[in-house]
Amino acid sequence: MAEVLTKKKGSLVGRIGAFILLATTFAILISLGTWQMQRLHWKEGLLAAIAERRSAPPVTLAEIEGIMAEGGDIDYRTVTVPGRFDHSKERHFFATYNGRTGYYIFTPLMLDDDRFLFINRGFVPFEQKESSTRLAGELPTSVSINGLARPKLSEKPSSIVPDNDLAKNIFYWKDLDAMALSVGLSADKVLPFFVDADASPNPGGLPIGGVTQFDLPNSHLQYALTWYGLAGALVVVSGVFLMRRKP
């Protein structure tokens, strides 16, 4: 009799443990699906905000600085900036464009107040990295640049990204501080963001502007359906198992 009671007690404990495990797993799967739905709503709001900023009339540099001072987001805001390029200090960011390997040309633009703003002027092919191969695009006079404001990165985006090679003037991530330091510009003279120039053609065809990428991944709905689907499958499998168990 005692042996039977012991077996029944062990069976009950096992069932309770299995139920707790299944309930915990189900709750985790549902939580993950709900989190992905929240991320979906956030990403859709971000994409809508970016689309609105891109289609808005250009603002001035002072307005961009005012937005930053108030803690606002300047990313992808259209802006018009007058100044004069210092081509002797251009920096080269390793990139690909339309299947070709080359560089984005980051050139400091001297402003009227003697500060500098780095402009991503656009893409040049690998073999035309040096400015001497594209002198026609070296704009010598005062210019007015239209483009999109982009915040600077505070750190390397990933450990798999190579370190910037300052000696060879090859940047693998957009470290504005290092760009400024490598050409002798003090940090207090360089604005803490840069501008991606629009697709307005440059003399000689290079650099090719308008290289800003807007392809932000948005697979959160797919991920949410996957987690919810796994939760539903768990319920179905558990129900089938219980129905097939002998009394």
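- Across all their heavy atoms, Pro108 and Leu185 have their closest contact at CB-CD1, 4.1 Å.
- Close placement of the Phe126 and Tyr103 rings is indicated, their centers lying within 6.0 Å of each other.
- Contact of the Arg150 side chain with the Val195 side chain is not registered, since no non-hydrogen atoms from C-beta on lie closer than 4.5 Å.
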Criterion side-chain contact (heavy atoms from CB on, under 4.5 Å) on Leu191 and Glu65, from CA distance to verdict
CA-CA 9 Å; Leu191 273 66; Glu65 292 187 277; 4.1 Å; yes
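- In this structure, Glu127 places its CD atom where more than 12 heavy-atom neighbours from other residues, nucleotides or ligands lie under 6.0 Å away.
- Considering Val59, Leu148, Ile67 as possible partners of Ile74, the one that fulfils the side chain to side chain contact (heavy atoms under 4.5 Å, CB included) test is Ile67.
- One finds the CG atom of Asp188 at 11.5 Å from the CZ atom of Phe116 (value rounded to the nearest 0.5 Å).
- In this structure, the side chains of Asp177 and Lys152 come closer than 4.5 Å at one or more pairs of heavy atoms.
- With values rounded to the nearest 0.5 angstrom, Thr80 atom OG1 is found 4.0 Å from Asn146 atom CG.
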Are Val190 and Leu176 close enough, and set up right, to give a side-chain contact (heavy atoms from CB on, under 4.5 Å), and what steps lead you there?
CA-CA 9 Å; Val190 179; Leu176 286 188; 5.6 Å; no
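- Nearest heavy atom pair, residue Thr78 against residue Pro57, reads OG1-O, 3.2 Å.
- No side-chain heavy atom of Lys89 sits under 4.5 Å from any side-chain heavy atom of Thr107.
- Phe85 is not connected to Val183 by any chain of hydrophobic side-chain contacts under 4.5 Å among Ile, Leu, Val, Met, Phe, Trp and Tyr, and they are in different clusters.
- Between Gly204 and Ala136, the shortest heavy-atom distance links the atoms CA-CB, 4.0 Å.
- Taking CZ of Phe93 as the start and CH2 of Trp173 as the end, the distance is 10.5 Å to the nearest 0.5 Å.
- Linking Ile, Leu, Val, Met, Phe, Trp and Tyr residues whenever their side-chain heavy atoms come within less than 4.5 Å places Tyr104 and Val161 in a single cluster.
- The two atoms that bring Arg84 and Pro140 nearest to each other are NH1-O, 2.7 Å, heavy atoms only.
- Note on Phe194 and Ile170: same hydrophobic cluster, where clusters join Ile, Leu, Val, Met, Phe, Trp and Tyr whose side-chain heavy atoms are under 4.5 Å apart, directly or indirectly.
- The closest side-chain heavy-atom distance from Ser182 to Phe171 is below 4.5 Å.
- A distance of 4.0 Å separates CG in Asn120 from CZ in Phe106, rounded to the nearest 0.5 Å.
- Proximity of Pro125 to Leu206: side-chain heavy atoms (C-beta onward) are separated by under 4.5 Å at one or more points.
- Salt-bridge annotation for Lys129 and Glu90: absent, with no side-chain N of the basic residue lying under 4.0 Å from a carboxylate O of the acidic one.
- Closest approach of Leu166 and Ala178 over heavy atoms only: CD2-CB, 4.2 Å.
- Note that the CG atom of Asn202 and the CZ atom of Arg134 stand 10.0 Å from one another [nearest 0.5 Å].
- Stacking of Arg77 on the aromatic ring of Phe193 is not recorded, the 6.0 Å distance cut-off and the 45° axial limit not both being met.
- Closest approach of Ile30 and Ala231 over heavy atoms only: CD1-CB, 3.8 Å.
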Determine, stepwise, if the pair Phe123 / Thr96 fulfils side-chain contact (heavy atoms from CB on, under 4.5 Å).
CA-CA 8 Å; Phe123 176 82; Thr96 58; 5.8 Å; no
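- Between the side chain of Tyr228 and the backbone N or O of Thr34, at least one donor-acceptor pair lies under 3.5 Å.
- In this structure a side-chain-to-backbone donor-acceptor pair under 3.5 Å is present from Glu63 to Thr60.
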Criterion side-chain contact (heavy atoms from CB on, under 4.5 Å) on His87 and Leu139, from CA distance to verdict
CA-CA 8 Å; His87 296 290; Leu139 304 176; 4.3 Å; yes
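- In this structure, CZ in Arg121 is found 13.0 Å from CG in Asp196, a value given to the nearest 0.5 Å.
- By the rule that hydrophobic residues join a cluster once side-chain heavy atoms approach within less than 4.5 Å of another member, Ile28 and Trp227 end up as members of one cluster.
- With respect to Asp163 and Lys156, a salt bridge is recorded, a charged nitrogen being found less than 4.0 Å from a carboxylate O.
- Leu61 pairs with exactly one of Leu117, Asp112, Leu109 by the side chain to side chain contact (heavy atoms under 4.5 Å, CB included) rule, that one being Leu117.
- Met68 and Phe118 sit in two unconnected hydrophobic clusters of ILVMFWY residues. Membership requires side-chain heavy atoms under 4.5 Å apart, directly or through other members.
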